[in-house]
Amino acid sequence: MERTASRPIELAFYGGTFTALPERLQMECLALAMQAKEKGIVCRVRCSTRPDALRPDRLQALRHAGLDLVELGIQSFHTEALLDAQRGYNGDRAREGCRLIKESGLKLGIQLLPGMPGSTPQRFSEDVEEALAFSPSCLRFYPCLVVDGTPLAERWRMGQYAPWELDTTITTLGKALASAWARRIPVIRLSLAPERELDESVLAGPRHPALGNIIQSEALFETVRSHFALNGFLPPDELFFPQYCQGFFSGHKGSLLPRWEKLGIQPSSIQWVEGEYASLRWNKPLEEVLS
């Protein structure tokens, strides 16, 4: 099997704290990964871990062994939320983890948990801005869910925790995604992937089969609306959107169409084009606003 240029494959070590494994096991995993790299089967190797399971010397060793990117399960940079969620570290440790990875020469990914205990939409927005300031290679947003059989489920049953409502999640993550788009930083996950066993265990929280698509719709609308505001809400002379946006322009079951109409935009007024960027033109130079 050989990797083709059109189908790059990454190898990821997920499902645990990779850098907390025995060092011998870490190196054995990466030795196998390097064999796949040398054969052209994979193009990049990543792992996930916690900010309190990092050492500069180990990061250097992992980079030399073939690791390319480390995703940190930060969850939040706010110490109050981290304490409430009993994560075992504070905001300073979360920031230090990001710095250590950047200084090691490895690429950085950051995972945030909107709606976790102690989190608010304002705090999450601040978390996103702080994450973006590290110029990570990618972000993931995992809205917090109450899963049966967990300590959080017991807190929920006792009335000590309330997850975010779906509307709050969509609005807050839509703005966060728009901010990431503006910085050209990809958000590679907006919710947990659908799984029958998991879905059957979710007791509460913002779970929806099309949540990622809905959040992208909200982010697209928020991006365009903000640029309308800069131009006095005058409709642009021309609108060019990437073809991939067609799948979420209208919103779930057409829910966004009335909001687009209030901005003076009809689907027929948009030109769908190849490429990664959207552009709006007000008889002045092209301005890219969406990646």
### For Met116 against Cys144, the heavy-atom pair lying closest together
N-CB, 3.7 Å

### Joint hydrophobic cluster, Leu173 plus Leu177, side-chain heavy atoms closer than 4.5 Å
yes

### Message
As an exercise, state the distance from CZ of Arg140 to CD1 of Ile110, rounded to the nearest 0.5 Å.
### Response
12.5 Å

### Query
To the nearest 0.5 Å, how far apart are CD1 in Ile215 and OG1 in Thr169?
7.0 Å

### Query
Between Tyr142 and Leu192, is any pair of side-chain heavy atoms under 4.5 Å apart?
yes

### Task
Group every Ile, Leu, Val, Met, Phe, Trp and Tyr by side-chain heavy-atom contacts under 4.5 Å, then state whether Leu11 and Ile188 land in the same group.
no

### Contact list for residues 144-153, test salt bridge (charged side-chain N to carboxylate O under 4.0 Å, His left out), sequence neighbours left out
Asp148-Arg157

### Query
Ion pair present between Arg93 and Glu96, side-chain N to carboxylate O less than 4.0 angstrom?
no

### Any side-chain heavy-atom pair of Leu211 and Leu190 under 4.5 Å
no

#### Entry: Beyond-backbone contact of Ile74 with Pro51, side-chain heavy atoms, under 4.5 angstrom
yes

### Query
Between Phe249 and Leu257, is any pair of side-chain heavy atoms under 4.5 Å apart?
yes

### Message
Less than 4.5 Å apart, side chain to side chain, heavy atoms only: is that true for Cys138 and Arg46?
### Response
yes

### Query
Taking only residues at least two apart or on different chains, which pairs with a member in residues 109-123 satisfy side chain to side chain donor-acceptor pair (under 3.5 Å)?
Glu71-Gln111, Gln122-Glu126

### Query
Sub-3.5 Å donor-acceptor pair from the side chain of Asp127 to the main-chain atoms of Phe77, do we have one?
yes

### Query
Do you know which two heavy atoms are closest between Leu100 and Pro56, and how far apart they sit?
CD2-CG, 3.7 Å

### Message
Nearest 0.5 angstrom please: Arg44 CZ to Leu67 CG, how far?
### Response
10.5 Å

### Query
Under the 3.5 angstrom rule, does the side chain of Thr79 hit a backbone N or O of Gly91 as a donor-acceptor pair?
yes

### Query
Do you know the tightest heavy-atom contact between Ser76 and Ala94?
O-CB, 4.1 Å

### Task
Might you point out which heavy atoms bring Pro121 and Thr168 nearest each other, and give the distance in Å?
CG-CG2, 3.8 Å

### Query
Are Ile41 and Leu69 joined in one hydrophobic group, where the rule is that I, L, V, M, F, W and Y side chains link up if heavy atoms are under 4.5 Å apart?
no

### Message
For a 4.5 angstrom cut-off between non-hydrogen side-chain atoms, does Phe141 reach Val128?
### Response
yes

### Query
Tell me, which pairs form a salt bridge (charged side-chain N to carboxylate O under 4.0 Å, His left out) where one or both residues lie in residues 202-212, sequence neighbours left out?
Asp199-Arg207

### Query
What distance do Thr49 atom OG1 and Leu59 atom CG have between them, rounded to the nearest 0.5 Å?
8.5 Å

### Query
If you round to the nearest 0.5 Å, how far is CZ of Arg189 from CG of Leu112?
15.0 Å

## Note on the structure
Taking every heavy atom of Gly247 against every heavy atom of Asn213, the minimum-distance pair comes out as O-ND2, 3.3 Å

Going by atom type alone, with no hydrogens or angles, which donor-acceptor pairs under 3.5 Å involve a side-chain atom of residues 80-88 and a protein atom two or more places apart or on another chain?
residue : atom : partner : partner atom : Å
Asp84   : OD1  : Arg155  : NH2          : 2.7
Asp84   : OD2  : Gly118  : N            : 3.2
Arg87   : NE   : Tyr89   : OH           : 3.2
Arg87   : NH2  : Gly73   : O            : 3.1
Arg87   : NH2  : Tyr89   : OH           : 3.2

In a table with atom names and distances, give each donor-acceptor pair under 3.5 Å that connects a side chain of residues 21-36 to protein atoms at least two apart or in another chain.
residue : atom : partner : partner atom : Å
Glu23   : OE2  : Arg55   : NH2          : 3.4
Arg24   : NH1  : Glu28   : OE1          : 3.3
Arg24   : NH1  : Glu28   : OE2          : 2.8
Gln26   : OE1  : Arg58   : NH2          : 3.2
Gln26   : NE2  : Thr19   : O            : 3.2
Gln26   : NE2  : Leu21   : O            : 2.7

### Exceeds 12 heavy-atom contacts within 6.0 angstrom, atom NZ of Lys37
yes

### Task
Scan for side chain to side chain donor-acceptor pair (under 3.5 Å) pairs involving residues 246-261, sequence neighbours excluded, and state none if there are none.
Glu218-Arg259

### Task
Starting from the C-alpha separation in whole Å, work towards a yes-or-no answer on side chain to side chain contact (heavy atoms under 4.5 Å, CB included) for Leu72 and Phe134.
CA-CA 12 Å; Leu72 277 188; Phe134 283 104; over 6 Å; no

### Query
Which distance, rounded to the nearest 0.5 Å, do you find between the OG of Ser269 and the CZ of Phe241?
8.0 Å

### Cluster link Leu256 to Leu220, ILVMFWY, side chain under 4.5 Å
yes

### Heavy-atom pair with the smallest gap, counting every atom of Cys98 and Leu108
CB-CD2, 3.9 Å

### Query
Given the side-chain rings of Trp156 and Tyr161, with only the six-membered ring counted for Trp, is the space between their centroids under 6.0 Å?
no

### Task
For side chain to side chain contact (heavy atoms under 4.5 Å, CB included), just list the numbers for Glu129 and Arg183, CA-CA rounded to whole Å, side-chain angles, deciding distance to a tenth of an Å, and then say yes or no.
CA-CA 10 Å; Glu129 289 304 309; Arg183 311 279 180 80; 2.7 Å; yes

### Task
Give the ring-plane orientation class for Phe124 versus Trp164, where under 30° counts as parallel, over 60° as perpendicular and anything between as tilted.
perpendicular

### Query
Are Leu139 and Leu113 linked, directly or through other ILVMFWY residues, by side chains that come within less than 4.5 angstrom of each other?
no

### Query
Taking the side chain from Thr150 and the backbone from Val146, do they hold a donor-acceptor pair closer than 3.5 Å?
no

### Full working for side chain to side chain contact (heavy atoms under 4.5 Å, CB included) between Trp181 and Val187
CA-CA 8 Å; Trp181 279 347; Val187 179; 5.9 Å; no

